[in-house]
Amino acid sequence: MIDIRLLRSDPDSVKAALTRRGEDTSGLDQIIGLDARQRALASKRDDVRNEIKNVSRQVGGLHRDGKPDEATELQAQSRELGAQEDVLAAEVDELASEIHEILLRVPNLPSDDAPEGLTESDNVVIRHEHWDPDAYSDHQRVPHWEIGEQLGILDAERGTKLSGSMFVMYSGMGATLCRALIQYGLDRNADAYREMRPPTLVKTATMVSTGHLPKFEEDAYHLERDDLWAIPTAEVPLTSFCRDEVLDEADLPMKLMAHTSCFRREAGSAGRDTRGLLRVHEFDKVELLSYATRDQAPEVHADILARAEAAITDLGLSYRVLDLCAGDLGGSSARTFDLEVYAPGTDQWLEVSSVSWFSDYQARRANVRYRPTDEKGTRIVDTLNGSGLAVPRVWAGVVETHRQSDGTISIPEVLQPYMRGATTIG
RNA sequence: GGAAGGUUGCCAGAGCGGACGAAUGGGGCGGCCUCGAAAGCCGUUGUGGCCUCCGGGUCACCGUGGGUUCGAAUCCCACACCUUCCGCCA
């Protein structure tokens with residue numbers, strides 16, 4: 001959630017920032033108007049309450065002093081004030097919730113550093129790593145779904161039989177490779193990130209905190225009977241890990257990581273990139289997340305990005321780094337770098353990590369604060385996160401990149417200890 | 001799923017209709033004492049909103065949401081969560 005006080009004091013800069021996203025900012029004037037009315041009425045309501053308190057105190061005193069007649073008189077007066085208060089309070093509450101509803105749907109202000117632009121095509125490729133377009137041989141030009149079928153390690157048909165399209169089943173060494181990637185993704189970050197294993201089903205409030213609700217309700221699986229949501233990423237439970245808590249500045253930056261299943265309905269993307277592992281409803285991912293002060297945020301952002309890159313590099317994969325333009329940023333993000341692995345078999349760049357800085361947008365929703373060591377009061381933390389390793393697309397990248405001329409796959413050295421020492425698949 | 005008990009400030013814990021934003025103890029912070037420390041003594045110590053002539057004023061918050069009342073931490077109702085027991089279960 002953006003800070004309504006900023007909107008109040010400097011509406012033009014808020015509008016300018018949101019315009020960079022391509023947002024329609026006409027709703028903001030509505031908020032400003034509602035906010036002014038809300039505050040005026042609230043102040044009136046408080047005055048009435050103050051009066052009621054005073055009168056009631058006097059009633060108590062009169063009873064003690066044995067003057068019940070005078071007390072009765074004052075009680076009538078207070079009752080009248082009470083009626084006024086009810087009317088005012090109802091109006092204030094209604095305005096407040098109206099403002100809150102609108103505000104929950106206003107996206108974060110993009111960082112000044114985020115590139116100008118409105119669509120995917122305006123994203124800036126800031127670098128390519130380990131990539132040489134001419135370095136690939138014909139035996140690497142086989143899409144992973146074909147490799148998976150040839151080697152019996154990916155069973156798309158049965159995945160569909162069990163759960164429908166865009167659900168997959170890994171088999172044999174394919175499943176082992178999944179698990180290896182997960183452990184590899186966790187172990188290599190265990191030096192600085194505390195491993196967590198949060199619930200995969202969460203309450204509505206938990207989804208609201210990250211910004212996944214109410215705006216993106218269609219993208220999430222909802223278990224109506226229990227009013228629980230299947231998390232689309234571990235970012236959701238980890239961001240709410242410290243919800244409604246006040247942290248010590250000394251504990252920041254707090255760095256957490258978790259492997260979870262992730263569930264996405266992918267509404268509106270039917271028929272797009274649906275082959276193989278490019279887009280699936282359920283997948284595994286290792287997520288890195290941090291709570292930080294505003295000053296610490298840039299360093300943490302760089303750290304998560306570096307770690308995500310190193311994990312891919314050590315798997316022998318090529319990738320590129322994108323700086324997302326203002327218009328292509330996720331609603332909660334102020335700045336995002338995407339990592340895209342090059343998959344030679346499908347000849348596509350596959351997004352495997354989104355490393356984002358959310359400023360205090362998510363933490364204001366989640367009410368995560370910290371107590372600065374050298375000043376009074378509390379401040380809202382910043383949150384940052386990124387995929388340490390997203391299994392299916394990395395799986396695809398590994399299988400296509402490391403396919404050898406005999407059709408087998410050579411397993412990257414870093415994964416071998418997690419695969420019972422195996423060096424090849426097939 | 002059933003039964004009982006519980007939820008108060010940083011922690012423990014009192015309060016059970018009126019001077020309670022909340023006793024008392026512990027902790028933290030500041031000071032006195034001391035070469036220094038401990039002990040002791042004194043003071044101080046929640047969060048948030050709005051307004052502010054920046055001195056302060058005012059409102060809200062005792063699990064959450066409603067209700068009763070002139071007045072609710074205190075009474076009533078519902079719900080959530082925790083603990084224990086029973087049932088079920090990997």
Side-chain angles (χ1 to χ4, degrees), chain A residues 1-11 31-104 197-209 223-229 237 240-252 261 360 363-381:
Chain A
M1 201 149 57
I2 62 166
D3 187 352
I4 192 162
R5 278 169 296 197
L6 181 63
L7 180 60
R8 211 181 272 154
S9 62
D10 192 1
I31 298 179
I32 293 167
L34 292 172
D35 175 56
R37 260 180 62 206
Q38 200 257 99
R39 279 182 299 145
L41 286 171
S43 145
K44 254 194 211 170
R45 177 205 58 194
D46 287 352
D47 290 345
V48 174
R49 279 184 181 168
N50 183 223
E51 189 61 26
I52 291 172
K53 275 189 161 186
N54 287 332
V55 172
S56 294
R57 248 190 292 266
Q58 288 173 45
V59 171
L62 289 169
H63 276 298
R64 264 193 303 277
D65 299 345
K67 298 176 180 168
D69 293 349
E70 290 176 46
T72 308
E73 231 171 88
L74 278 181
Q75 280 176 28
Q77 191 185 328
S78 183
R79 237 193 309 270
E80 221 168 279
L81 287 167
Q84 279 181 46
E85 191 221 327
D86 285 347
V87 174
L88 286 166
E91 271 183 81
V92 171
D93 290 349
E94 197 178 316
L95 282 168
S97 69
E98 202 176 330
I99 291 165
H100 190 72
E101 283 303 309
I102 303 173
L103 222 45
L104 277 180
R197 209 316 173 180
T200 328
L201 299 178
V202 298
K203 298 190 212 179
T204 298
T206 307
M207 289 283 281
V208 170
S209 293
L223 285 73
E224 282 184 28
R225 188 187 172 101
D226 298 293
D227 195 19
L228 289 169
W229 300 81
S240 284
F241 174 60
C242 292
R243 186 165 73 218
D244 295 323
E245 293 184 25
V246 180
L247 310 172
D248 283 333
E249 183 169 359
D251 294 333
L252 299 175
S261 295
D360 58 7
R364 182 171 288 106
R365 289 168 164 246
N367 189 27
V368 184
R369 292 168 294 164
Y370 71 97
R371 203 176 297 285
T373 40
D374 55 355
E375 61 182 90
K376 279 186 75 177
T378 57
R379 286 190 182 200
I380 298 172
V381 303

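Order of the sequence lines fixes the chain letters, A, B, ..., with proteins taken first and strands second; residue numbering starts at 1 for each chain.
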Looking only at atom [atom1], what distance separates [N] and [M], rounded to whole Å?
{"N": "B:G13", "M": "B:G48", "atom1": "C1'", "value": "25 Å"}
{"N": "B:A19", "M": "B:U68", "atom1": "P", "value": "22 Å"}
{"N": "B:A72", "M": "B:G15", "atom1": "C1'", "value": "13 Å"}
{"N": "B:A73", "M": "B:C62", "atom1": "C1'", "value": "5 Å"}
{"N": "B:C33", "M": "B:C41", "atom1": "C1'", "value": "9 Å"}

Pick base, sugar-phosphate or nothing for [X], based on heavy-atom distances below 4.0 Å to the nucleic acid.
{"X": "A:Val55", "result": "nothing"}
{"X": "A:Arg57", "result": "nothing"}
{"X": "A:Thr72", "result": "nothing"}
{"X": "A:Ser78", "result": "sugar-phosphate"}

* To do: Check whether any side-chain N or O of A:Arg49 sits under 4.0 Å from OP1 or OP2 of B:C59, and answer yes or no.
  => no
Please report the distance, rounded to the nearest Å, between [atom1] in [X] and [atom2] in [N].
{"X": "A:Arg364", "N": "B:U47", "atom1": "CZ", "atom2": "P", "answer": "18 Å"}
{"X": "A:Leu41", "N": "B:C50", "atom1": "CG", "atom2": "P", "answer": "15 Å"}
{"X": "A:Leu74", "N": "B:U69", "atom1": "CG", "atom2": "P", "answer": "18 Å"}
{"X": "A:Asn50", "N": "B:A60", "atom1": "CG", "atom2": "C1'", "answer": "13 Å"}

* To do: By nearest nucleotide on RNA chain B, pick out whichever of A:Thr378 and A:Arg79 is the more 5' one.
  => A:Thr378
* Who does B:C62 pair with, Watson-Crick or G-U, both distances under 3.5 Å? -> none
